[in-house]
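Here is the naming used below: chain letters follow the sequence lines, and residue numbers restart at 1 for every chain.
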There are 2 protein chains.
Amino acid sequence: MAKQAPLTDEALEHVARRFAVLAEPMRLRLLQTLFDGEMNVNALVEATGGTQANVSRHLQTLTQAHMLSRRKEGLQVFYAISDPSIFKLCELVCGSLEKTFAKQAGSFGR
Amino acid sequence: MAKQAPLTDEALEHVARRFAVLAEPMRLRLLQTLFDGEMNVNALVEATGGTQANVSRHLQTLTQAHMLSRRKEGLQVFYAISDPSIFKLCELVCGSLEKTFAKQAGSFGR
DNA sequence: GATTAACATGCGCATATACTCATATAGTTG
DNA sequence: CAACTATATGAGTATATGCGCATGTTAATC
């Protein structure tokens with residue numbers, strides 16, 4: 001654990017943007033679905049229950065954030081998680097949320 | 001590492017909300033400032049350069065998300081990081097961003 | 001109890017973004 | 001080249017949220 005140097009304003013904005021990408025339930029669901037491995041858009045549409053247009057947009061956002069990789073094969077496009085830190089991030093947040101919920105003892109709802 | 005069970009829609013929304021709280025540069029700056037330990041609002045206002053009203057609002061958001069603790073002492077209110085996972089979260093994202101920037105070789109700016 | 005200090009909050013505005021619908025693009029097959 | 005499939009994208013709308021300004025609230029001091 002090295003001592004943290006304060007981040008510049010620009011760095012903070014980049015970090016914030018990265019968190020913002022993860023701040024949408026649909027994108028999290030897509031990531032979660034991709035935990036099992038590469039998938040094409042249609043499969044993701046069916047797995048998540050979203051519309052094709054919306055899923056496509058979120059996949060674009062995730063790809064631009066360098067969290068997903070994009071591989072074209074004929075008519076289909078396959079997406080896969082390209083940033084392993086995503087797994088740990090989700091684990092961390094889930095673990096932290098479990099503790100919070102444990103404290104609140106099931107009485108969550110804002 | 002246990003196998004990940006798929007999260008419910010409700011759980012996904014909670015995770016998303018948590019990420020959303022971290023998706024603002026000003027809130028990240030506040031957290032970063034609080035890495036050194038407890039501080040009162042005035043000190044945070046000076047350290048971050050924000051307005052008092054804005055800092056207060058962000059502190060409220062962070063507290064409601066159970067990331068900060070709030071301690072009142074006379075006229076002053078002291079805030080401190082109450083969720084240790086925040087440190088690891090920031091480390092993870094920063095590390096991941098460094099890799100991304102290394103690939104882009106400094107040519108970031110959308 | 002009036003004044004002052006530290007912090008919180010109501011309100012309005014501006015901006016960002018998620019969603020839907022329709023349409024465009026790329027690639028395959030007849 | 002026409003028809004079809006898989007995916008992407010432009011336009012419009014609705015909602016969320018960050019910010020500034022002003023004001024409210026709580027607590028200490030005179």
Length of the CD-P vector between B:E24 and D:dA16, whole Å = 16 Å
For atom CG of B:L59 and atom C1' of D:dG18, their distance in whole Å | 15 Å
Name the closest nucleotide to the A:V41 side chain, picking from D:dG20, D:dA8, C:dA18.
-> D:dA8
Take atom CD of A:E46 and atom P of D:dT7, then tell me their distance rounded to the nearest Å.
-> 10 Å
To the nearest 0.5 Å, atom CG of B:L89 lies from atom OG of A:S96 at 7.5 Å
Note: for A:S56 and B:N54 on DNA chain D, the residue whose nearest nucleotide lies more 5' is A:S56
Between B:V41 and B:F78, does a side chain to side chain contact (heavy atoms under 4.5 Å, CB included) hold up when you go through it step by step?
-> CA-CA 7 Å; B:V41 180; B:F78 290 86; over 6 Å; no
Under 4.0 Å between any heavy atoms, over every strand shown, what does A:Y79 touch: base, sugar-phosphate, or nothing? Just pick one.
-> sugar-phosphate
Selected nucleotide, minimal atom distance to B:H58 side chain, candidates C:dA6, D:dC19, D:dG20 = D:dC19
Check whether any side-chain heavy atom of B:E38 sits under 4.5 Å from a side-chain heavy atom of B:Y79, and report yes or no.
-> no
Rounded to the nearest Å, what distance is computed from the CD atom of residue B:Q60 to the C1' atom of nucleotide C:dG10?
-> 12 Å
In Å, rounded to the nearest 0.5 Å, how long is the span from CD1 of A:I86 to SG of A:C90?
-> 6.5 Å
Looking at side-chain heavy atoms only, is the closest gap between A:L31 and A:L68 below 4.5 Å?
-> yes
So does B:Q52 reach the base of C:dA6 with its side chain, donor to acceptor, closer than 3.5 Å?
-> no
How close or far is atom P of D:dC19 from atom CZ of B:R29, stated in whole angstroms?
-> 10 Å
For nucleotides 10-12 of chain D, list the nitrogen or oxygen atoms of the protein found under 3.5 Å from its nitrogen or oxygen atoms, one pair per line.
from	atom 1	to	atom 2	distance (Å)
D:dG10	N7	A:R57	NH2	2.8
D:dG10	O6	A:R57	NH2	2.6
D:dA11	N6	A:R57	NH2	3.4

Do A:T48 and A:M26 come close enough that some side-chain heavy atom pair is under 4.5 Å?
-> yes
So, is B:R70 close to the C:dA8 phosphate, meaning a side-chain N or O under 4.0 Å from OP1 or OP2?
-> yes
In whole angstrom, give the distance that lies between atom CG of B:L12 and atom P of C:dA18.
-> 15 Å
Report, as a single string ordered 5' to 3', how protein heavy atoms within less than 4.0 Å touch nucleotides 24-30 of chain D: B base, S sugar-phosphate only, - not at all.
-> --BBS--
Distance, nearest 0.5 Å, that separates NE2 of A:H58 from OG1 of A:T63 | 12.5 Å
Atom-pair distance (CZ on B:R17; C1' on D:dT15), nearest Å | 14 Å
Note: A:R18-A:D83 ion pair, threshold 4.0 Å (strictly below) | yes
Between B:L28 and A:F19, the two heavy atoms sitting closest are CD2-CE1, 4.1 Å
Counting only side-chain N and O atoms of B:N42, is one of them less than 4.0 Å from OP1 or OP2 of C:dC7?
-> yes
Is there a side-chain contact between A:R27 and A:V21 (heavy atoms, below 4.5 Å)?
-> yes
Interatomic distance, B:L68 CG vs C:dC7 P [rounded to whole Å] = 14 Å
